[in-house]
Amino acid sequence: MLTVFSIFAVVVGIGATFNAVKSLRQRRVFNSRAVRVSGVVVDLKWQHTSGAGRVAMPIFNYYTREGHPMQATETVGTNPPRFRPGHPVVVLYDPHEPYRAHLEGMSWVATGVQVMSMVLGPLFAVAGLVALAVILL
């Protein structure tokens with residue numbers, strides 16, 4: 001049973017680390033080409049999470065630089081809500097895919113989770129490898 005747990009820890013640790021690095025790279029690319037425009041929060045989408053209970057993800061409207069109206073939902077939520085309906089916001093959107101948008105200032109939440117994964121992932125992997133070494137030796 002300990003062998004299965006050890007292998008699981010290694011796989012989860014490596015997977016979490018790679019996923020965090022990939023997400024940070026994607027966010028860096030997005031931020032490097034994102035366009036900033038004004039927007040407004042129109043609603044909150046409440047979602048249940050495994051660790052934080054319920055979180056509120058803002059739904060916001062904005063116009064592209066070309067004048068096209070858009071609506072998006074932030075992929076990161078907070079509790080208590082950081083924004084309320086009617087709150088003006090700065091929106092970052094990808095000019096190549098204008099439906100991909102985030103609110104300025106919300107990336108710290110996602111980055112914090114990614115950094116934790118980058119720290120805890122290798123720890124899980126090393127702990128699993130050490131346990132496997134103890135079992136097999």
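Hydrogens, waters and symmetry mates play no part in the numbers below; they use all other heavy atoms, side chains included. Residue numbers count from 1 along this sequence.
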Mind checking whether [X] and [Y] have side chains closer than 4.5 Å, heavy atoms only?
X     : Y      : result
Val91 : Leu103 : yes
Pro58 : Val89  : no
Glu74 : His102 : yes
Trp46 : Asn79  : yes

Problem set entry | Of all pairs that satisfy salt bridge (Lys or Arg N to Asp or Glu O under 4.0 Å), the ones with a partner from residues 34-50, not counting sequence neighbours |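 Output for this query lists Arg36-Glu104.
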Once side-chain hydrogen bond (donor to acceptor under 3.5 Å, both in side chains) is applied, do any residues pair with [X], and if so which ones, sequence neighbours excluded?
X     : result
Gln71 : Asn61
Tyr63 : none
Arg33 : Asp94
Arg84 : none

Exercise. How far apart are the closest heavy atoms of Ala131 and Ser6, and which atoms are they?
Worked result: CB-OG, 3.1 Å
Problem set entry | For Ala72 against Ala101, the heavy-atom pair lying closest together | CB-CB, 4.2 Å
How would you list, by chain and number, every residue that makes a side chain to side chain contact (heavy atoms under 4.5 Å, CB included) with [X], sequence neighbours excluded?
X      : result
Tyr99  : Met70, Glu97
His68  : Thr64, Glu66
Ala9   : Phe124
Pro122 : Thr17

For this session: Could you grab the distance from atom CZ of Phe83 to atom CG of Leu44, nearest 0.5 Å is fine?
Result: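 The CZ atom of Phe83 sits 10.5 Å away from the CG atom of Leu44.
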Exercise. Sequence neighbours excluded, which residues qualify as ring pair (Phe, Tyr, Trp, His ring centres under 6.0 Å) partners of Tyr62?
Worked result: Phe60, Tyr93
Exercise. Are Val10 and Val4 connected, step by step, through hydrophobic side chains (Ile, Leu, Val, Met, Phe, Trp, Tyr) whose heavy atoms are closer than 4.5 Å?
Worked result: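 No, no single cluster joins them.
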Exercise. With clusters built from Ile, Leu, Val, Met, Phe, Trp and Tyr whose side-chain heavy atoms come within less than 4.5 Å, directly or transitively, what are the remaining members of the cluster of Val40, listed by chain and number?
Worked result: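 Cluster partners of Val40: Val42, Ile59.
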